[in-house]
Every structure is written in C-alpha cells, then in structure tokens.
Amino acid sequence: MYDMYDIRDRIQIKDRWIALYVENQVGVLAKVSGLFSGKSYNLQSLTVGTTEHEDVSRMTICVKSDDITFEQIKKQLNRMVEVIKVIDITTSSLHMKELLYARIDEVNSDDINLIFHLAEVFKVRVCDAGEDSLILECLLTTESNDELIKLLKKKFKKVSIVRGGAVAMESISICKR
Amino acid sequence: MNITGRKLFVKALLEEGVDTVFAYPGGMVTDIIDELYKTTEIKVVLPRHEQALIHEAEGYARATGRTAVCIVTSGPGATNTITGIADAFYDSIPLVVFTGQVPQELIGNDAFQEVDIVGMTRSVVKYGVTVRDRDNLGKTIKMAFQIAPTGKPGPVLIDLPKDIQVATGDGEYPSYVDIRGYKLNKSVHIGQLKKAYKLLKNAKRPMILAGGGINISDANQALKEFVEKTKIPVVTTIMGKGALDYDNDLYIGNCGMHGRYAANKAVVGCDVLFSIGTRFNDRITGALSEFAQDAAIIHIDVDTASISRNVIVDVPIVCDAKAALEKLNEWAEPHDTEEWRKRIAAWDKENPLEMRKDLGLCPQSIMEGINEVFPEGIFVTDVGQHQMWATQFINLNSKKQMITSGGLGTMGFGFPAAVGAKIGARDKDVVCITGDGGMQMNMQELATSIVEKANITVCILNNQYLGMVKQMQQLFYGKRYKITCLRRNIDCPDDCKGPQGKCPPYVPDFVKWAESYGAVGIRVTDPTQIEDALREAKANDKTTIIEFLIASDELVLPMVKGGDAMSEMILPDKPRNGASSKKKSSKKPNK
C-alpha cells in the first residue's frame, strides 16, 4: 500500500507542519507539548492563539521527523479529546510568517548605516533606536529569519534575538481567485 | 432547580447506574462521601490503600464489563492511584477516577495535600480535567462516562476542587454531551476488509494473532465462527488469551516472549498475519526487523494510533473487532490450511509446552490443579513468573476469564484486582494466582477481602525470590541474587549465589498472616496436596491463602531474550536428553 509514497520521502527526516485546532481550555497546551516530549518527537516550533471562535485555539506546529513518525504524531494528536482537528499542511500552499525582534547593541555610525541597509534588503523595519542600539522588527519566513540572524551575528558583537515561531494560514485556492 | 455540586455528583452516579464505588476518604472528598451516605443504591467499598483501590476497580471493571468508579482525596490519595491509572490505560480498562482537590483559591499555593494530579496523569489517561466552573460539573461527569468505556476504553480522571463540591448550580445531569474532539468510528471499511479477506484467501500459511481487543469488544463468538469456517489457526497475546477456547483444534497458544514454541514458529513462518486488537507490543514481536518478515500483515484495531506504529501494516483497518469479524463471517469459507496446520503440529510435538514434574512442586501441576478444581471462574494474576505460568497453563473458555496486568506489568496488581473482581461478580469463583513478591506489595487488601466477604482463593507461588528478575540473573547476569532474594537478611554474605543451606527463615509466614486476618491459610509442599488444598479453598466460605512452596530455580520457558528475534527461543532441557545445557533453536525459521 506504500507504493504511492516515494520511499525516500518516507525515511527522510525533514520539517513537517501541522495546523491543530484545539479546545481553548486550561492545560491543553501542556497536553499537546507534553505529547511531544513524552514520546520523544522532535518539536521545532509551536505557536498558539485563539481563532474567530473564542473557545477554539489554533496551533501551528513544526516537527522534524520521518514520514512514519509523522503519521504517528498526527494519530496521537487526533486521539486527544481536546483536539478538534489535525490538518497536515506540510505540502499545502501557505502564507506563513514569523515575527522576530533583533536588538543590536554597541553599534557605531557605520554599523547603523549597515543595519538600515540590511533592513531595506530584507524588507524589515527599524522599530526602535537609542544612542548605540537599534531594534529590528522582522516579519519574514522562518528560513529568512534564520538567514538574517546568521548575518547579524556575523556582523555585530552584541545581538539579542526574540522570535515567536511561525504562524500559517492556508492560501485561498486558485479556483476561488 | 439549583443544587449543590455534591448532590449533583451523586445524582450523576445514580443516573449512570453506578451501584459500587471504590472510595478512600480524605479531607477534600468528605462532602462527596457524606452525600453518598444518603443513598442506599450505591455501595461504597473501602480498600486499605489507594494504590490497591485502583487495582480493585480495574478487577471490577474487567469482571463486570462496566466502568468502575473510584473516589480518592487530593494530594497523596490522588498520587497513590497513578500506577493503577497507567495500568488501566495500557490495558484499556474503563475507569472514572474522581480526585478531590483543594479549593480553587488555594490551587497553586502549595496548599496542604495539593498536587496537580491532572498534570501528573496527563500521559496515562484518556481524558483528564479539573472542574473549574460549577456549571460544567454535570457535563464533565457525563463526558467521563461517555469517554471511558467507548472506543479503546481507558481511564478518565476528573479533579473536583472542594468549592465545586459545595457550590450550588444547575441541577440537571445531561443525558448526552456532544464532544467535538471525540468521535467514534462506528463503520467498517468494506473495501479494506475485502482486501484483507482476499489476502487471507490466497495465503498458504495464514495466521490469526488475537489480542486483548477481542475480549474487550466481546468478539469471541465471532472469532470462533470465523476460525471454524476458514480453518485458519490462531495464536493469542497475553491479553488476548481466552479469545478462542483452549480446546479448539485451531488454537495453538500464546505467542511472544514466553509463548509456546509452535506459536512463535508459526508467527515467524506465516505468509499472512491477520492481527486483531493488538498493538504489537515488543513482548510479542521481539526484534522488529525479524518479526513475521515474510508475511503480509492485516491489522484491525479500534485505535488508529495503534496501527503501523510498531509494525508496518499492509492492510490497516480501523474498526471494532466484533463488527469486522461479523462482516468477514458473511464471506468466510473454508481454506485449505491442512498442510500448514500439520507443520505447526509438528513444531508443537518437537517442543511441547511442558515443565519437568520430577523436581518437586511444579508450577505446571499447580495450574493443572486449578484447571481441574475450577472449571468455571475468574483467574486473576499478578506479575512475574507465576503470571507467565498461568498464561501458559491455565485453560480458558467461555466460562473462564483471565485478568492480568499485561501492558504495564504492575506487581501488586493481582490480589486487589481479584478482590475487585469478586465484588463485581459474587456468583463466580475468583482465583488469584500470585507470587510471594507481588503479594507483599498489596497484602493489606486481605482486610478488604474479609470485611467485604469477597471470598477468593489466593494461590501464592512462593519461590522465595523475585523470580522473573532472578531468572534473568540466572541466565544472563552471573547468578548474582543479592537483591532478588526475599530471604536475604543483613547477616548474609555479600556474594551469595543461591541457598547455602543456612539461609534465614522466610518472612512473613503466610499461613499465620492469613489466620491473623481471619482468613484460612494452607501451606502446600507436595504435589499430592495441590488438589485437596484447592478443593478446600473452593468449599469454604472464607478467603483462603494457599502458599505453594515451589523450587526457587524453576524457569519460565520458552524464553526470548529482550530484543532477540522470536525464532530465537531458549528452550527447556528435555528430560530424555539428560543434562544438556539450555539450547537455542535455529535462527532460521523452518519453512
């Protein structure tokens, strides 16, 4: 029955994405995250927030796993009473962004010029500034944020990073456009 | 009309038809206990320890097929139940556990007897929640009774803060709650079933592997019909034992770590493995890479998450075992399995399941005595060597049921579970088969057994060791028994390698102990006394403790070492071969 899968895909360990609708109740986040630690699933990122219904939350979860483990993760999530719906969005067309703040301290005027230049290239904005420090507000894909962090750390001595994990929504399907 | 939480609680139990609860009082459940006094329709059983309470509830649920209800207090009362909750989770036993909790304004303060029991049990319950709003109380209790017994049954934990118990609120108990995250799969996928049946039909060496799911979904009759129509042989897991009557020609025996030689050979050598209601635990599969490696595997399970977890399955079918088998029975027709069955019979002849009986009081003889004296009844085991002997040699049919801790392997389970089973099924004989180690983990329950007049027969197989571990030490760890010997005392030499002739006396004296509680104690040292002792226990109207003094070096065999392939069984010496050492069967399965 596995003919339909490419065998390489089944054993390949890669990032996979789940949109998870859960009851907006106390303890549900702990239960979901506890499943990942308890069963040694490799959780990469998890974001959560309420939806248009205040009693329903939606989580965007990224796990690093092979196909078999990923199937098991989806089943285990589905088994929870508090889980309303599990959607595998790994291969879906998505709008997905992650909010990241980067604070750079001990900068001189050359650095400041460079930061403004980088902000332009990466399409992020400088949202705060002090005498010798700046804060960048970045709304990028997780990968672009990774790249930006790499670059900032290379160029500047003192960089602090806060990132929020990715949030995703499925694209409007082509036939409805 | 508005009523208090405690009143609604009792109302809910009555509407659920609960007639027995297992309760241990404490500060945070006194309101509920007090309210229970006001009804005569609910009997409250008071065990002597919450750890045993939960096993009693498990035994009760297994014996009656109904959801068992437990009430314990906050803090230590709640934490004492955790092992049993985990046990019920792994063996799919429906329990609703109510834990008291400190008032909500104290939660988080490290208040007296406060623990986050919902957090602690999160990974071993089907559903667990703290009731934080009095208006949700009725709904939450209803959810618990809907969730625990349905689908793959399991424990549900409801944490009740004291303020919720006394607050007034809605007095209605709902008759149904729509739970959007809990939808049961009630249909059978006909296409998948057809695919499965086609595979079976074309198989030359088909096997059925029946798990506990058969017993839980009451599919025994449907399985019997299917097997008799198709002539496909059956092996069972420990939890699946009893799925098919022991004397059915097509039943081979248990497979797995201590399974019958022929059963393991058959699983290794089959070409289609039809497994129903088992999660392919590692004790069943051994080394996964070599498990049924040439077989196409069909797997029926009510729990999606059990499918393709341990073993990759060719035809997965998510549904109730009974529903699936009943559908299959519509198509079933005879298969030519004679050749295959002959081969299995030859394996069985080559290495039959039997122990040497010339070395004193043989566990097999004790099990055979139990078979002889108790043609009907419930047989409850603890965990260890005696459990494996019981699963090897106790004969089960529709009049006999076995209750055992399979998934978690909880020592201390057997005795309280037997008491609970008797409380649930007073018209049946209940026999507890236990070891001297496991017995001492919950021996306080003799009091419960006496005061509840839950008269059972307890067979303690006393080998003076924690036998299952000792067996591993005997075979693989250089016979160092220091911490598995139950006779050892502080004066013993450090490097003891077994009885030296001047060992300290065994404690306790089980016969005197039984008598001190008003039970009957019998000590059996000779095979000729087995049946007499069992008959006496059956005839008298008291709980009877029979201590069987068995040899301390008896092994449970065959044995597959953890992580080895199922075909690599350690087999007993054959008496006719004289003193040859333990032999391993060939690595390559005979095909």
Side-chain angles (χ1 to χ4, degrees), chain A residues 1-7 9-11 18-41 43 48 51-59 63 65-88, chain B residues 89 104 107-108 116-133 136 140 143-144 146-148 150-152 154 156-157 159 177 179-185 192 195-196 199 296-299 301-318:
Chain A
M1 72 150 293
Y2 284 99
D3 301 348
M4 57 187 167
Y5 293 105
D6 182 353
I7 186 80
D9 197 45
R10 282 182 53 210
I11 56 171
I18 294 168
L20 190 72
Y21 287 92
V22 298
E23 299 286 351
N24 182 12
Q25 287 168 359
V26 181
V28 176
L29 175 61
K31 189 161 184 184
V32 170
S33 57
L35 177 85
F36 285 85
S37 60
K39 296 198 181 283
S40 285
Y41 300 145
L43 183 64
V48 58
T51 62
E52 66 279 16
H53 305 288
E54 63 181 29
D55 58 343
V56 177
S57 295
R58 174 165 155 149
M59 297 182 183
V63 288
S65 77
D66 61 23
D67 202 44
I68 294 169
T69 311
F70 188 56
E71 285 304 313
Q72 187 57 219
I73 292 170
K74 286 187 279 179
K75 288 174 180 175
Q76 291 288 347
L77 287 170
N78 240 323
R79 191 151 87 151
M80 288 182 187
V81 174
E82 297 89 343
V83 167
I84 302 164
K85 205 154 57 164
V86 183
I87 307 171
D88 178 358
Chain B
F89 186 69
Q104 287 188 83
I107 292 181
D116 173 17
I117 191 64
V118 172
M120 285 176 176
T121 54
R122 200 166 273 145
S123 60
V124 288
V125 292
K126 252 186 114 175
Y127 182 61
V129 70
T130 302
V131 180
R132 289 166 197 276
D133 182 350
N136 283 340
T140 309
M143 279 174 73
Q146 273 176 217
I147 291 168
T150 52
K152 181 182 169 74
V156 173
L157 186 138
D159 195 31
V177 178
I179 312 165
R180 56 185 165 185
Y182 186 73
K183 294 280 181 268
L184 293 169
N185 176 17
Q192 287 293 86
K195 208 166 153 187
L199 261 179
I297 300 178
I298 304 159
H299 189 184
D301 206 293
V302 75
D303 176 26
T304 333
S306 291
I307 292 180
S308 284
R309 173 164 52 179
N310 302 334
V311 169
I312 300 290
V313 170
D314 299 274
V315 184
I317 304 169
V318 181

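- Note: A:Gln72 CD to B:Thr304 OG1 = 9.5 Å, rounded to the nearest 0.5 Å.
- With a 4.5 Å cut-off on non-hydrogen atoms, A:Val81 touches chain B through its backbone and its side chain both.
- A:Lys75 has its side chain within reach of B:Ile307: a pair of non-hydrogen atoms, C-beta onward, lies under 4.5 Å apart.
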What do the steps show when you test B:Tyr127 against A:Glu82 for side-chain contact (heavy atoms from CB on, under 4.5 Å), and what is the final call? CA-CA 8 Å; B:Tyr127 182 61; A:Glu82 297 89 343; 3.4 Å; yes
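- Heavy atoms closer than 4.5 Å to chain A are found nowhere in B:Ser123, neither backbone nor side chain.
- A 4.5 Å side-chain heavy-atom check between A:Arg79 and B:Asp303 finds at least one atom pair inside the cut-off.
- Between B:Arg122 and A:Ala30, the closest heavy-atom pair is NH1-CB, 3.0 Å.
- In this structure, A:Glu23 pairs ionically with B:Arg180, as a charged nitrogen and a carboxylate oxygen lie closer than 4.0 Å.
- For A:Val26, the part lying near chain B is the side chain, with the backbone staying farther off; criterion is any non-hydrogen pair under 4.5 Å.
- Other residues, nucleotides and ligands contribute over 12 non-hydrogen atoms within 6.0 Å of the NZ atom of B:Lys183.
- The nearest pair of heavy atoms linking A:Gln76 to B:Ala305 is NE2-CB, 3.8 Å.
- Contacts of B:Lys152 with chain A are made by side-chain atoms alone, with heavy-atom separations under 4.5 Å and no backbone atom involved.
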